[in-house]
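So the structure is just underneath, and the comments pick up after that.
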Amino acid sequence: MSGLQVFNSLKKEKEVFEPINEGLVGMYVCGPTVYSDVHLGNIRTFISFDIIYRYLKYLGYKVRYVRNITDVGHLVGDLDQGEDKIAERAKLENLEPMEVVQKYSNGFHQMMDTFNVLPPSIEPRATGHIIEQIEMVQKILDNKLAYVKNGSVYFDTIKFNKKYKSYGQLSGRVIDELFSETRELKNQSEKKHPADFAIWMKADDRHLMKWNSPWSVGFPGWHLECSAMSTKYLGEKFDIHGGGNDLKFPHHENEVAQNMGACGCTPANYWLHTNMLLMNGRKMSKSDGNTITPLQLFTGESEHITKGYSPMVIKFFMLQAHYRSTIDLSDEALSAAEKGYKKIMEANKFLQSIEHTEPSEISEVDAKITEGIKGVFTELDDDFNTPKTLARLFELVPIINSYKDGKAEFLQIKSETVAALQKCFQDVIFDIFGLQDEYASGGNTLYDSLDGVMNLVIELRQEARSKKDWATADKIRDTLAKEKIVIKDGKEGTSWNLN
RNA sequence: GGUCGGGUGGCCGAGCGGUUAGGCAGAGGUCUGCAAAACCUUGUACGGCGGUUCGAAUCCGCUCCCGACCUCCA
């Protein structure tokens with residue numbers, strides 16, 4: 001169906017992508033825990049998977065994209081003794097846990113919208129799937145790969161590994177090394193082995209969120225929800241499982257164990273992991289304060305940046321790095337991205353306005369364009385290599401802009417080549433990358449009327465210029481510049497855009 | 001301490017055995033009333049030390065530095 005290759009964390013190499021059912025793709029991505037505002041790192045991950053989702057659809061696959069919302073079971077602090085993150089926040093803000101969940105889910109959705117990230121096909125919540133999770137615990141117990149202790153249920157990692165010999169495959173861990181002598185294990189008396197983990201936890205009286213189960217009034221373990229919900233909506237075996245690099249261990253490793261423990265088969269064929277967003281060379285993280293909020297980035301109110309950057313500029317900046325590489329956020333890098341973003345958007349705007357007439361002769365530029373277009377999709381097929389895709393696009397930009405100059409070699413292109421180029425840019429920029437033109441119309445009535453006004457202003461200025469009345473011409477230009485409207489005198493007349 | 005990943009030009013960031021990555025910034029030029037934009041040309045590079053090879057940023061060894069995971073994290 002395509003030449004798509006993806007890097008599979010499970011094998012640590014690129015593989016040709018072949019879905020289980022021809023033409024259909026099932027993809028599960030670990031979503032956010034909604035206990036506070038989303039931060040930029042989350043956004044980078046979801047933008048990466050959005051592009052993967054969009055490209056799979058572009059290739060013609062029918063994709064069922066499931067991305068969960070974690071609203072229970074995720075504990076604060078170490079081991080399994082901490083407070084539930086949602087519940088802790090609820091106490092802090094004096095809200096019902098579900099109010100916390102709603103509040104930050106709304107914020108999350110709004111931010112995804114701001115970055116033009118498509119909603120998934122299904123967005124299940126952990127609390128909406130308590131029954132499924134309880135059933136899964138029961139299955140694992142039936143398979144004798146978990147044990148009950150004081151109302152809590154623990155996954156028996158040692159026994160599991162004896163049976164399947166696969167624990168640690170995804171994250172590259174070895175149980176013995178993992179928990180040998182390193183960690184002093186306090187309060188771990190309930191577990192038979194430190195590598196075991198809770199799949200159901202008995203709640204004490206202080207707990208705000210708890211449900212009835214055969215074992216106790218309690219709540220599910222964090223890793224369980226993804227196993228239960230992916231199985232429910234994508235089946236016991238599906239195509240792609242994604243998430244941030246930092247979830248590989250223990251979350252994804254335990255997820256695989258739970259799925260195997262319940263049904264005997266590995267859940268996903270391809271595991272894709274996105275790398276971290278850095279700032280000052282260190283992982284951006286909510287928990288250690290090395291972070292900048294999206295809002296601060298938009299407004300510029302942060303010590304880390306000199307001015308604000310729009311969502312699309314930030315997105316473009318992220319696209320300039322591969323999803324498996326870290327990317328280091330800085331003011332300089334963002335401002336470079338801003339210029340690059342504008343350049344490509346401007347070129348595209350012009351490209352789309354071209355009304356080409358079939359030439360009598362064809363120059364070599366024609367073949368160059370055709371080859372360039374092919375290159376764009378070769379890069380996308382290569383594990384969604386957005387920086388290289390962008391590079392290929394940028395190589396076509398001078399050709400597009402040269403068309404303005406009217407030089408014969410640039411006009412001697414087949415109409416179908418122009419159409420293909422227009423489609424390529426349009427499709428990649430908007431449909432696959434999900435960028436938006438923040439500086440242009442698109443059904444924006446305010447913009448449209450401004451465009452009308454600007455055409456008048458440009459006309460008046462042109463009259464002044466033809467009378468060599470430079471003072472008036474420059475006054476118009478300079479005054480507009482103060483309003484962040486840039487006037488550009490080209491051969492084909494004058495154009496304008498918002499800066 | 002264990003495991004894994006990385007160090008590329010002024011900045012960001014691809015590439016990973018031989019070919020220009022790309023963007024931004026810099027230099028020169030064309031165009032322009034001037035400017036901006038656009039177009040053309042262009043410099044600066046692969047942490048260090050060895051090795052393999054006709055040829056290494058790319059493979060191997062050693063070394064220095066950084067990061068991630070091992071505990072909640074996208």
Side-chain angles (χ1 to χ4, degrees), chain A residues 12 29-33 35 38-49 70 74-80 82-83 85 168 171-174 176-183 222 242-251 273-278 281-288 316-317 319-322 324-344 346-347 350 379 385-395 397-405 407 410 465 468-470 473-474 477-478 481 486-491 494-495 497 499:
Chain A
K12 295 183 174 56
V29 171
C30 292
T33 302
Y35 68 102
V38 255
H39 78 125
L40 227 50
N42 291 280
I43 290 168
R44 141 107 129 150
T45 294
F46 300 133
I47 284 176
S48 295
F49 282 109
T70 298
H74 212 155
L75 304 179
V76 179
D78 61 348
L79 305 170
D80 298 323
E83 187 87 29
K85 281 191 171 178
S171 59
R173 315 272 149 160
V174 180
D176 298 337
E177 290 175 6
L178 195 50
F179 295 93
S180 51
E181 78 302 325
T182 43
R183 214 159 283 280
W222 169 43
N245 219 201
D246 49 358
L247 293 181
K248 247 192 212 170
F249 190 88
H251 184 61
H273 286 100
T274 58
N275 217 134
M276 298 295 103
L277 175 65
L278 311 180
R282 272 173 44 241
K283 177 182 170 184
M284 206 185 263
S285 164
K286 274 196 269 204
S287 32
D288 69 7
F316 183 88
F317 161 72
L319 291 175
Q320 283 184 304
H322 186 84
R324 279 191 289 117
S325 300
T326 54
I327 184 169
D328 203 341
L329 186 97
S330 71
D331 193 54
E332 244 182 323
L334 281 170
S335 99
E338 183 169 54
K339 292 194 179 144
Y341 165 75
K342 281 185 187 169
K343 184 172 172 175
I344 207 159
E346 282 293 311
F350 171 70
E379 305 300 1
N385 197 324
T386 58
K388 280 181 93 178
T389 304
L390 233 27
R392 295 292 91 81
L393 248 29
F394 271 114
E395 280 164 4
V397 165
I399 295 176
I400 293 169
N401 286 329
S402 293
Y403 192 97
K404 276 188 214 166
D405 295 340
K407 270 199 208 152
F410 291 104
R465 289 178 76 207
K468 293 199 193 297
D469 180 3
W470 308 129
D474 289 352
R477 188 177 63 200
D478 296 345
V486 182
I487 293 282
K488 288 185 272 194
D489 296 326
K491 273 200 177 131
T494 301
S495 64
N497 67 269
N499 193 11

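For clarity, every value in this text was computed on a predicted model and none was experimentally measured. Sequence lines set the chain letters: A, B, ... in the order given, protein chains first and strands last, and positions in each chain run from 1.
- The listed nucleotides are B:C34, B:A14, B:C39; the one nearest the side chain of A:V397 is B:C39.
- Contacts of A:A333 classified as side chain to side chain contact (heavy atoms under 4.5 Å, CB included), with partners at least two apart in sequence or in another chain: A:F317, A:S330.
- A:N497 and A:K488 form a side-chain donor-acceptor contact under 3.5 Å, judged by distance and modelled atom types alone.
- Between the P atom of B:C72 and the NZ atom of A:K248 lies a distance of 17 Å, rounded to the nearest Å.
- When the side chain to side chain contact (heavy atoms under 4.5 Å, CB included) test is applied to A:A336, no partner is found at least two apart in sequence or on another chain.
- The nearest whole Å value for the distance from the CG atom in A:L319 to the P atom in B:A14 is 12 Å.
- Atom CD1 of A:I487 is separated from atom P of B:A35 by 17 Å (rounded to the nearest Å).
- With rounding to whole Å, A:D328 atom CG is found 13 Å from B:G7 atom C1'.
- Here B:A68 is the nucleotide among B:A36, B:A68, B:C39 with the atom lying nearest to any side-chain atom of A:K283.
- In terms of phosphate contacts, A:S325 brings a side-chain nitrogen or oxygen within less than 4.0 Å of OP1 or OP2 of B:A14.
- No aromatic stack links A:F46 and the base of B:A74, using centre distance under 5.5 Å and interplanar angle under 30°.
- Between the side chain of A:T386 and the backbone N or O of A:L319 there is at least one donor-acceptor pair closer than 3.5 Å.
- Using a 4.0 Å cut-off, some side-chain N or O of A:N42 falls inside it from OP1 or OP2 of B:A74.
- A:T274 and A:T45 share a side-chain donor-acceptor pair at under 3.5 Å.
- Distances from the side chain of A:D489 to the nucleotides B:A74, B:C12, B:C34 place B:C34 closest.
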For RNA chain B, the dot-bracket notation using Watson-Crick and G-U wobble pairs below 3.5 Å, [ ] for pseudoknot-type crossings and | for other-strand pairs, is (((((((..(((.....[...))).(((((.......)))))....(((((..]....))))))))))))....

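- Contact annotation: A:N275 side-chain N/O to B:G6 OP1/OP2 distance is not under 4.0 Å.
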Per-nucleotide protein contact along nucleotides 18-31 of chain B, 5' to 3', at a 4.0 Å heavy-atom cut-off (B base, S sugar-phosphate only, - neither), is ---BSBSS------

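- Close to B:C39, at under 4.0 Å from its OP1 or OP2, lies a side-chain N or O of A:N401.
- Looking at which nucleotide of RNA chain B each of A:K407 and A:G172 is closest to, the 5′-most match is held by A:G172.
- Here the separation of B:C16 from B:G51, taken at their P atoms, is 27 Å to the nearest Å.
- Every residue meeting the side chain to side chain contact (heavy atoms under 4.5 Å, CB included) condition with A:D331, not counting sequence neighbours, appears here in chain and number order: A:I305, A:T306, A:Y309.
- The ring-ring contact (aromatic ring centres under 6.0 Å, His included) search around A:F350 returns none, not counting sequence neighbours.
- Of the candidates B:C39, B:C34, B:A14, B:C34 carries the atom nearest the A:R477 side chain, counting heavy atoms from C-beta on.
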